[in-house]
Protein chains: 2
Amino acid sequence: MLNNPASGEKRTAQLDELDRRLLSLLSENSRRTNNSLAEELGIAASTCLARLNALRDSGVISRFTIEVNPQVLGRELEALIFVKIRPGARHLMSTFASDMRSKPGVQQLFFLGGADDFVLHIAVRNSADVRQFVLDNLSANPAVATTQTSLVFEHSHGTDEY
Amino acid sequence: MLNNPASGEKRTAQLDELDRRLLSLLSENSRRTNNSLAEELGIAASTCLARLNALRDSGVISRFTIEVNPQVLGRELEALIFVKIRPGARHLMSTFASDMRSKPGVQQLFFLGGADDFVLHIAVRNSADVRQFVLDNLSANPAVATTQTSLVFEHSHGTDEY
DNA sequence: ATTGAAATTGTGTGGAC
DNA sequence: GTCCACACAATTTCAAT
């Protein structure tokens, strides 16, 4: 069980088997009722609720959310865009990052150390939209030195065990 | 409202304003009670439930899940690993992909067209673990031609509006 | 497609081990 | 930390519009 259920500040949480199973169940369906979770784990509902709250409060669970399928919303095409910032504009990197996060179609943003400075993961309708995205948001941006775009053929999540 | 709430097969769903607001609320907290969602949207609980079920059944919501903070679990370091598959081993790409998804620490896997064939997003304890991951899972793999690893300084999600 | 009402089911607290 | 019991709240079905 968690070392420090109430603080929300602790650096590293120690999970027991019950916590790990609970995380797995919630990953599969975060909307399952507490009763149903408790039953599957073989514990009382109130115990399960306490565990769940502790996982949330300690920051192990950063949020309960949904996965939206971009394709069903007409965004058939995903791409990764690798971006290099100009050497003289590196002080603009954090502004650039927060600007990008709110552009339509942006799914994720990675701020990197290494050959590229950023990787943008976008989901848009078609290849014309990819082009438009790069032209409007990147090529036009004076902080951007170069970009390189790769289409995403498949995207999957890890099946980590906690 | 959705064209086709019950099929789960339709390619593109047409959302109205209510659906979009519901998706937003559920993105922020997928565990909110149906009553609370209904109240905020200004509709009856039973209507809200019908909308929510339609969004799930039509595939717009692919799952209700949680975000787990890797750092709180002792995975302090994230990296992207860019992988090129050997020209003579391209038929092994899909096997490679499904092998990788289940390795400990793998968060995401992108299957790309372009300069690199894959991007792996991993979260591990420290730089020794990154090295170990690459040696064990990539360098040792005969299908892999080259890898290039970049540390992730920051990772954020888009704030898309649906 | 939306609703309100009703029956079922779930949540969350407090006291006991 | 876990459990049970209980009061309160939420879910889900259904007939009506």
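Residue numbers start from 1 in every chain, and the chains themselves are labelled A, B, ... in the order their sequence lines are given, proteins ahead of strands.
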Note to self: What is the distance, to the nearest angstrom, from the CG atom on A:Leu15 to the P atom on D:dG1?
What the structure shows: 14 Å
Next item on the list: Answer yes or no: does a side-chain N or O of A:Thr47 lie under 4.0 Å from OP1 or OP2 of D:dC3?
Entry: yes
Next item on the list: Report whether A:Leu77 and B:Tyr162 are members of the same hydrophobic cluster (ILVMFWY, side-chain heavy atoms less than 4.5 Å apart, transitive linking).
Entry: no
Next item on the list: Round to the nearest Å and state the distance from A:Leu49 atom CG to D:dC4 atom C1'.
Entry: 15 Å
Margin query: Tell me whether the side-chain N/O atoms of A:Asn34 come closer than 4.0 Å to OP1 or OP2 in C:dG12.
Written below: no
Note to self: Can you work out whether B:Asn35 or A:Ala50 has the more 5'-proximal nearest nucleotide on DNA chain D?
What the structure shows: A:Ala50
Checklist line | Value in whole Å for how far the P atom of C:dG12 lies from CG of A:Leu52 | finding: 9 Å
Note to self: Is there a side-chain hydrogen bond (donor to acceptor under 3.5 Å, both in side chains) between A:Thr12 and A:Gln14? Walk through the geometry before answering.
What the structure shows: CA-CA 7 Å; A:Thr12 299; A:Gln14 202 51 254; over 6 Å; no
Margin query: Please report the distance, rounded to the nearest Å, between CD in A:Glu39 and C1' in D:dT2.
Written below: 18 Å
Note to self: In this structure, how many angstroms lie between the P atom of D:dA10 and the CG atom of B:Asn53, rounded?
What the structure shows: 18 Å
Item checked: Closest to side chain of A:Arg51, choosing from D:dT2, D:dT11, C:dG10 -> D:dT2
Item checked: Position toward the 5' end of DNA chain D (nearest nucleotide), A:Leu18 or A:Arg31 -> A:Leu18
Check: Over how many whole Å does the gap from A:Glu40 atom CD to C:dG10 atom P extend?
Finding: 14 Å
Item checked: Closest to the B:Ala44 side chain, choosing from C:dG4, D:dT12, C:dT11 -> C:dG4
Next item on the list: Measure from CG on B:Leu37 to P on C:dT2 and round the result to the nearest Å.
Entry: 15 Å
Next item on the list: Under 4.0 Å between any heavy atoms, over every strand shown, what does A:Ser46 touch: base, sugar-phosphate, or nothing? Just pick one.
Entry: base
Check: OP1 or OP2 of D:dA10 sitting under 4.0 Å from any side-chain N/O of B:Arg32?
Finding: no
Next item on the list: State whether the side chain of B:Arg75 and the backbone N or O of B:Ile122 hold a donor-acceptor pair below 3.5 Å, judged by distance alone.
Entry: no
Margin query: Quick one: does any side-chain atom of A:Ser27 pair with a main-chain N or O of A:Leu23 as donor and acceptor, under 3.5 Å?
Written below: yes
Notebook entry, point to check: A:Phe110 and A:Phe118: aromatic ring centres closer than 6.0 Å?
Noted result: no
Checklist line | Separation of D:dT2 P from A:Asp16 CG (nearest whole Å) | finding: 7 Å
